[in-house]
Amino acid sequence: MIADLGNRAPILNVRSVDKTFNKGVVALRRLSLTVNEGDFISLLGPSGCGKSTALRLIAGLMEPSIGKIDWTGGQGADDLGVVFQEPTLMPWATVAKNVWTPFRLRGQSFRSVKDRIEEALSLVGLEKFANAYPRELSGGMKMRVSIARALVTRPRLILMDEPFAALDEITRQKLNDDLLNLKARTGATVIFVTHSVFESVFLSDRILVMAARPGRIIKEIQVPEPYPRGIEWRTSAEYARIARETSDTLHGATGATEAAE
Ligand SMILES: Nc1ncnc2c1ncn2[C@@H]1O[C@H](COP(=O)(O)OP(=O)(O)OP(=O)(O)O)[C@@H](O)[C@H]1O
């Protein structure tokens, strides 16, 4: 996995997508976004604004009611990696066997992809835990296994749905640092769903702030700070300024929604 951040070709286009569920719940209205190779995009918004629905549509797990999603990747498991809030590991299988899952589902033997599994575990710093079982791991380590499982096929796009929300603050910051290191090493393109203003400003180069009822993007905030980012970025005046702007946008939107009720 060699980083090639010079290439910023568009790989995904979401074009004016609406998603309406049965009983008329409009989960998303006119969602449009373009994802370029190497982007780190956060979808930030309050509960119920359609973040998970947007990810599920992009993952092809459901169809838009209106609009179109153009994806230059194929439909195969190779092109998309998905990480959920819960690590969803199989408790009876070792770490390595859990990471093997996307290949196993395609009928590829463990032995034939052993190198790829080792590579993915090394990317998340768990190479020494290949033979451990999930019950032996901390919450943060379990999440790393889940990330390794998403990376093992070297996907073109990684979708992460609040992956660190259930972790304590210190572990969460550590995994944020590790995620950026991983991005630097692999050139990964990421769409990251979060409730956290601070996490979105630390990680992303673009933040799409969403509002609820109907779910929609209300503002795109650019974070022009170059990668790699570390503690200097987290404690800088510019980080604080963008976090403030993002927070104001989010609270303005929430206030508007509440006022409309
Ligand atoms: N399968 C479904 N059937 C009906 N309504 C749904 C379904 N899935 C989601 N919704 C509704 O669509 C809206 C958006 O839900 P979604 O889970 O995408 O929001 P979210 O921003 O990810 O929320 P959270 O941050 O709480 O996970 C909500 O009003 C939700 O109740």
Side-chain angles (χ1 to χ4, degrees), residues 12-35 39-69 71 80-88 139 142-143 146-147 150 157-169 171-173 175-176 179 189-204 206-221 243 245-261:
L12 176 79
N13 248 312
V14 178
R15 294 197 283 166
S16 225
V17 160
D18 281 18
K19 181 69 190 176
T20 307
F21 286 108
N22 300 340
K23 299 186 188 155
V25 176
V26 183
L28 285 173
R29 180 168 294 163
R30 303 252 162 83
L31 181 80
S32 291
L33 71 119
T34 300
V35 180
D39 277 353
F40 197 121
I41 295 177
S42 284
L43 299 180
L44 172 74
S47 198
C49 73
K51 305 181 294 294
S52 300
T53 301
L55 274 203
R56 272 184 249 136
L57 286 163
I58 291 168
L61 298 173
M62 56 170 77
E63 291 287 314
S65 308
I66 304 177
K68 211 161 169 285
I69 298 181
W71 159 236
L80 268 183
V82 185
V83 180
F84 298 102
Q85 182 173 341
E86 296 298 327
T88 61
K142 284 184 197 150
M143 189 43 76
S146 171
I147 293 171
L157 179 62
I158 301 174
L159 306 176
M160 305 183 91
D161 196 353
E162 299 191 55
F164 309 142
L167 302 174
D168 66 82
E169 193 56 29
T171 308
R172 188 172 183 155
Q173 284 197 6
L175 282 174
N176 280 176
L179 181 57
T189 308
V190 182
I191 305 180
F192 189 95
V193 162
T194 181
H195 282 116
S196 163
V197 169
F198 296 108
E199 190 167 64
S200 68
V201 178
F202 181 70
L203 292 173
S204 11
R206 284 156 63 202
I207 303 168
L208 304 178
V209 184
M210 296 181 68
R213 281 168 248 141
R216 63 208 186 276
I217 295 172
I218 51 164
K219 190 169 181 185
E220 173 171 328
I221 293 176
E245 179 190 348
T246 308
S247 185
D248 287 350
T249 306
L250 193 60
H251 288 117
T254 311
T257 305
E258 280 163 2
E261 283 176 342

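Counting convention: from 1, in listed order, for ligands and their atoms alike. Quick note: numbers below take in every heavy atom, side chains included, and nothing from hydrogens, waters or symmetry partners.
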The protein heavy atom nearest to atom 12 (O) of ligand 1 is Ala27 CB, 3.4 Å

Exactly one of Val14, Val35, Leu157 clears side chain to side chain contact (heavy atoms under 4.5 Å, CB included) with Trp71, and that residue is Leu157

For Met210 and Leu31 the tightest heavy-atom approach is CE-CD1, 4.5 Å

For Glu162, the ligand 1 atoms with a heavy-atom partner under 4.0 Å come out as 25 (O), 27 (O)

Note to self: Could you check whether Lys23 makes a cation-pi contact with Phe21, meaning its NZ or CZ is under 6.0 Å from the centre of the six-membered ring and within 45° of the ring axis?
What the structure shows: no

In this structure, atom 25 (O) of ligand 1 is nearest to the protein heavy atom Lys51 NZ, 2.8 Å

Numbered in order shown, the ligand 1 atoms found under 4.0 Å of a heavy atom of Pro46 are 21 (O)

| query | Lys51 side chain to Pro46 main-chain N or O, any donor-acceptor pair under 3.5 Å? | reply | yes

Closest to atom 31 (O) of ligand 1 among protein heavy atoms sits Val25 CG1, 5.0 Å

re atom 18 (O) of ligand 1, the protein heavy-atom contact at minimum distance is Thr53 OG1, 2.5 Å

min-distance protein heavy atom vs atom 1 (N) of ligand 1 -> Phe21 CE2, 3.6 Å

The closest protein heavy-atom partner of atom 14 (C) of ligand 1 is Gly48 O, 3.5 Å

Checklist line | Within-shell test, His195 vs ligand 1, heavy atom, strictly < 4.0 Å | finding: yes

What verdict does the side-chain hydrogen bond (donor to acceptor under 3.5 Å, both in side chains) test give for Asn13 and Thr34, after you've listed the backbone C-alpha separation in whole Å, the side-chain angles of each residue and the deciding distance to 0.1 Å? CA-CA 5 Å; Asn13 248 312; Thr34 300; 2.8 Å; yes

Determine whether any heavy atom of Gly215 lies closer than 4.0 Å to an atom of ligand 1.
no

Quiz item: Would you say the side chain of Gln85 lies within less than 4.5 Å of the side chain of Asp161, judging by non-hydrogen atoms?
Solution: no

ask   = Is there a donor-acceptor contact under 3.5 Å linking the side chains of Ser200 and Ser42?
value = no

Non-hydrogen atom of Cys49 closer than 4.0 Å to ligand 1
yes

heavy-atom search around atom 17 (O) of ligand 1 in the protein gives Ser52 CB, 3.8 Å

CG (Asp168) and CD (Gln173) are apart, to the nearest 0.5 Å, by 10.0 Å

Checking Ser32 side chain against Ser16 main chain: does a donor-acceptor pair fall under 3.5 Å? yes

of all protein heavy atoms, closest to atom 24 (P) of ligand 1 is Ser47 OG, 3.7 Å

inquiry  = Measuring from non-hydrogen atoms of Ala54 to any atom of ligand 1, is the shortest distance under 4.0 Å?
reply    = no

